[in-house]
Colleague: 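Take this structure, written in structure tokens, and hold onto it; I'll ask about it next.
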Amino acid sequence: MIAKEKLIIFDTTLRDGEQSPGASMTKDEKLRIAKVLEKMRVDVIEAGFAVSSQGDFEAVQLIADTVRDSRICSLSRAIRADIERAGAALKGASAGRIHTFIATSPIHMKYKLQMQPEDVLAQAIGAVKIARDLVDDVEFSLEDASRSDFDFMCRITEAAIKAGAKTINFPDTVGYSAPGEYGSVINRLLNCVPNADQAVFSVHCHNDLGLAVANSLSAVQNGARQVECTINGLGERAGNASLEELVMALRTRQDLYSVKTDIDPSHIVPISRLVSSITGFPVQPNKAIVGANAFAHESGIHQDGILKMRETYEIMKAEDVGWTNNKLSLGKLSGRAAFSARLDDLGISFDSKDDFNKAFQQFKDLADKKREIFDEDLQALVSDVQMGPTDDLTLIDLEVLSKSGQLPVAKIIIRHQDHEHRVESTGSGAVDAIFNAIESLMESSAELQLYSVNAVTQGTDSQGEVTVRLQKDGRIINGQGADTDILVASAKAYLNAVTLLRNPGGMHPQLGGV
Ligand code: KIV
Ligand code: ZN
């Protein structure tokens with residue numbers, strides 16, 4: 001048997017994923033995701049674009065200082081100031097990488113950069129050299145490679161490798177390529193660039209035509225040894241190749257692919273939920289691997305087949321990717337030890353004893369209201385505790401009067417820095433009344449961009465997980481709240497969003513398109 005070559009998994013959820021409009025994350029949220037990426041053994045985590053904002057710089061820095069087992073990367077344009085900012089953010093990394101890029105397609109060079117190809121080539125070489133003075137590991141990307149001239153790509157790739165780049169990335173920036181074509185370009189590049197053996201060839205595919213995963217797999221079959229991807233396929237416009245689909249395609253069809261990854265797939269569903277709850281982007285039910293229906297069988301014929309022999313209709317095991325089978329997890333009488341053990345099984349840990357105690361108390365409160373507590377409930381509850389600074393703003397009491405034909409009224413008691421405030425407001429609906437009441441106290445004047453409710457489990461006693469997206473002065477933040485009462489969850493989510501808005505360190509502007 002021929003030994004499988006290693007495929008490097010480069011996750012860019014925290015950089016390209018964050019470029020999805022409305023998906024911006026605070027540095028603490030990014031760190032929570034990065035810790036799970038590390039646990040699932042992602043090789044490279046692109047933590048952000050350090051120069052784009054102070055918030056992103058701090059996020060890259062925090063992740064570089066904390067994560068030890070994955071390589072941490074920051075994006076930078078091929079500009080000295082960008083590269084130096086990336087280098088500074090990565091100082092504390094146990095293994096750091098600067099990822100610098102410049103566009104190489106005729107359309108980008110002529111209209112966007114307004115530069116001649118020779119100048120682009122010179123700038124690329126200069127950028128790689130500057131980056132190599134700061135870190136050992138430099139990746140160079142030819143932005144819009146799939147629409148670039150082949151001979152020019154060969155020249156710039158050879159020069160970038162000579163200048164010290166260890167990874168060369170050929171992005172399908174606009175999701176234009178088709179699988180056969182893209183694979184064959186990677187194959188030709190590997191054969192035509194004289195020093196190709198001195199670098200890893202990488203791909204980064206966007207999903208504008210729904211082909212990002214297919215294009216990436218085709219490139220892998222043709223010699224690419226790094227794929228760039230995101231959790232849930234999040235990313236600019238239609239998104240990037242999804243990590244879970246790539247990893248599971250490679251595992252499930254080992255007969256087709258000559259590569260292996262180090263990814264532990266049991267973290268796939270938990271991290272998908274985490275990313276969805278932090279960004280407020282729900283996962284569509286029929287999404288491969290992580291959608292609620294990905295392992296559900298509706299037809300009687302299929303159910304019959306599954307009962308007789310699972311493989312008749314299932315090519316993967318749900319448990320392998322972290323589906324917990326709606327497992328009844330804990331009950332009202334469970335104590336701290338059982339709670340802590342179950343969190344361990346789910347791969348959840350807390351940074352402080354305080355957070356653990358808060359979560360345990362919330363679990364007890366939930367168990368009073370809800371007879372059966374499932375793993376999904378615990379995950380939502382933990383998200384609620386970990387979601388950020390809410391300490392100075394606490395929901396004490398909520399009363400909503402709603403009668404057909406009359407405007408609903410919300411009466412709320414909020415504790416803010418040891419003072420209790422009573423506020424009251426009407427609204428066009430109950431949720432509107434709650435938000436108006438909170439606004440009358442907090443006066444954030446932010447624009448509400450999104451309000452979404454997701455049932456955590458099935459049944460009418462399920463917890464509702466609410467996301468509130470607010471925009472103010474070009475900044476976008478997502479607040480979350482979970483409760484069996486969706487009005488309470490809504491109030492918590494709005495308070496969380498307002499708190500994040502009031503913490504400048506905890507937010508950052510949406511990135512401009514790269
Ligand atoms: O899509 C793209 O080209 C990118 C690069 C910056 C790698 O995201
Ligand atoms: Zn991209």
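Atoms within each ligand, like the ligands themselves, are counted from 1 in listed order. Computation of the quantities below employed the complete heavy-atom set of this structure, encompassing side-chain atoms and omitting hydrogens, waters and symmetry-equivalent molecules.
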Colleague: Please evaluate residues Lys112 and Glu143 with respect to the criterion salt bridge (Lys or Arg N to Asp or Glu O under 4.0 Å), reporting the C-alpha separation (whole Å), side-chain torsions for both, the decisive distance (0.1 Å), and the verdict.
Modeller: CA-CA 12 Å; Lys112 186 181 80 171; Glu143 192 193 8; 2.7 Å; yes
Colleague: If I compare all heavy atoms of Glu244 with all of Ala288, which pair ends up nearest, and what's the gap?
Modeller: CG-O, 4.5 Å
Colleague: Do Asn232 side-chain atoms and Leu234 backbone N/O form a donor-acceptor pair below 3.5 Å?
Modeller: no
Colleague: What atoms in ligand 1 come closer than 4.0 Å to a heavy atom of Glu143?
Modeller: 3 (O)
Colleague: Heavy-atom contacts under 4.0 Å between His206 and ligand 1: side chain, backbone, both, or neither?
Modeller: side chain
Colleague: Please could you name the atoms of ligand 1 that Ser141 approaches to less than 4.0 Å, counting only its heavy atoms?
Modeller: 7 (C)
Colleague: Is the side chain of Ser74 donor-acceptor paired with the backbone N or O of Ala50 at a distance under 3.5 Å, no angle test?
Modeller: yes
Colleague: Under 2.8 Å from the Zn ion (ligand 2), is there any N, O or S atom belonging to Asp16?
Modeller: yes
Colleague: Is the shortest N/O to N/O distance between Asp144 and ligand 1 below 3.5 Å?
Modeller: no
Colleague: Within the distance-only criterion (no hydrogens, no angle test), does the side chain of Arg469 pair as donor or acceptor with the backbone N or O of Gly22 below 3.5 angstrom?
Modeller: yes
Colleague: Say you draw a straight line from CD of Gln480 to OG1 of Thr467; how long is it, rounded to the nearest 0.5 Å?
Modeller: 4.5 Å
Colleague: For ligand 1, note which part of Arg15 has a heavy atom under 4.0 Å away: side chain, backbone, both or neither.
Modeller: side chain
Colleague: Is any N or O atom of Asp16, backbone or side chain, closer than 3.5 Å to an N or O atom of ligand 1?
Modeller: yes
Colleague: Taking the non-hydrogen atoms of His99, is any one of them nearer than 4.0 angstrom to ligand 1?
Modeller: yes
Colleague: Given that the side chain starts at C-beta and the backbone is N, CA, C, O, which of these parts of Thr173 lies under 4.0 Å from ligand 1, counting heavy atoms, or is it both or neither?
Modeller: both
Colleague: Answer yes or no: is there an ion pair linking Asp262 with Arg41, defined by an N-O contact shorter than 4.0 Å?
Modeller: no
